[in-house]
Amino acid sequence: MKHVMLFSALLGLAAAPAMAAPATSAPTQPATQAQTNYPTATFMGTWTVRAEVPPFIVAGNKAMGPAARLLVSVPEIYSATIGESRFSLARKSGSVWSGTQNNTTLTFTLVSQNAGQIVITNTNGHKVDVPLYRNDP
C-alpha cells in the first residue's frame, strides 16, 4: 500500500511540474580552515592545553614570502616523548604551517585566532595530537 501511495504522489508531481519546488543551487559553504588566510603574526605567541602545562612558544623570523618561518619550541613534557624540542615551520596554506626535523613532522593549524592544533607525527607511526589555546599575557 505504501508503494501505491508513493507512486501516486510522484505521478502527481510529474503531471503538475509547476507545483513542484523549483530547482535551487546548493548553498554556499562557509569559509573553511584551509580557506582562511591568517597573517604570520597571528600564529606567534604562547599556546597551551591548560594553564598548568608548559606552553608551546611560537616565534617568527623577519623574512617575508616563501622564506618566512615559524620557530616552535616544544615543552619538555612533549619533547621527551617525540625526541625533538624545536621545529622550523614553513607556510602550507593560510591556516597551516608545517616542518620536519629528523623524521618527525610538526603541523600547526589555526582553528581561530585564539585556538589551534598541533599534530606531531613520526615516520615510525607515533602521533601526538595537541589542541591549543592562546596563552599570551
Side-chain angles (χ1 to χ4, degrees):
M1 186 67 171
K2 287 182 184 179
H3 296 293
V4 173
M5 292 175 63
L6 180 62
F7 179 74
S8 62
L10 288 174
L11 186 61
L13 285 177
M19 297 178 77
T24 58
S25 62
T28 57
Q29 297 294 326
T32 62
Q33 293 174 9
Q35 295 171 340
T36 304
N37 193 14
Y38 292 104
T40 303
T42 307
F43 289 84
M44 294 188 281
T46 57
W47 296 83
T48 189
V49 178
R50 299 186 312 259
E52 59 271 358
V53 175
F56 285 81
I57 299 172
V58 182
N61 65 359
K62 293 184 180 187
M64 305 267 304
R69 294 289 182 265
L70 287 180
L71 308 170
V72 179
S73 295
V74 179
E76 187 176 339
I77 190 170
Y78 297 108
S79 64
T81 304
I82 63 172
E84 298 296 332
S85 61
R86 296 182 185 271
F87 287 88
S88 175
L89 310 182
R91 186 181 286 273
K92 299 298 178 193
S93 72
S95 63
V96 178
W97 290 69
S98 185
T100 301
Q101 185 77 20
N102 298 325
N103 298 324
T104 303
T105 301
L106 185 140
T107 303
F108 183 23
T109 305
L110 278 189
V111 177
S112 72
Q113 290 186 357
N114 293 314
Q117 178 178 18
I118 283 185
V119 177
I120 304 168
T121 54
N122 193 300
T123 54
N124 66 6
H126 186 76
K127 180 178 177 181
V128 178
D129 190 351
V130 185
L132 296 173
Y133 301 94
R134 190 171 293 282
N135 190 30
D136 292 331

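All figures in this text were calculated on a predicted structure; none of them were measured in a lab.
A distance-only check finds a donor-acceptor pair linking the side chain of R134 to the backbone of T42 [under 3.5 Å].
Counting only residues at least two apart or in different chains, ring-ring contact (aromatic ring centres under 6.0 Å, His included) contacts with residues 102-125 comprise F43-F108, W47-F108. Annotation: ring-ring contact (aromatic ring centres under 6.0 Å, His included) contacts involving residues 63-82, sequence neighbours excluded, comprise F56-Y78.
Nearest heavy-atom pair across R86 and S73 is NH1-OG, 3.2 Å. When all heavy atoms of P54 and P75 are compared, the closest pair comes out as O-CG, 3.4 Å.
S98 is linked by a side-chain contact (heavy atoms from CB on, under 4.5 Å) to K92, T105, T107, counting only residues two or more places apart in sequence or in another chain. For T48, the side-chain contact (heavy atoms from CB on, under 4.5 Å) criterion is met by V53, P55, N135, not counting sequence neighbours. Looking at residues two or more places apart in sequence or on another chain, you find a side-chain contact (heavy atoms from CB on, under 4.5 Å) between T81 and H126. Among residues two or more places apart in sequence or in another chain, the side-chain contact (heavy atoms from CB on, under 4.5 Å) test is passed with A68 by N61, W97.
In this structure, the side chains of N37 and R91 come closer than 4.5 Å at one or more pairs of heavy atoms. Residues N102 and E84 have side chains in contact (heavy-atom distance under 4.5 Å, counting atoms from C-beta outward). Residues Q117 and P131 fail the side-chain proximity criterion, which asks for heavy atoms closer than 4.5 Å.
Put simply, the residue from V74, L71, T46 that forms a side chain to side chain contact (heavy atoms under 4.5 Å, CB included) with I57 is T46.
By the criterion of side-chain heavy atoms lying less than 4.5 angstrom apart, applied directly or through intervening Ile, Leu, Val, Met, Phe, Trp or Tyr residues, Y133 is not grouped with L106; the two fall into different hydrophobic clusters.
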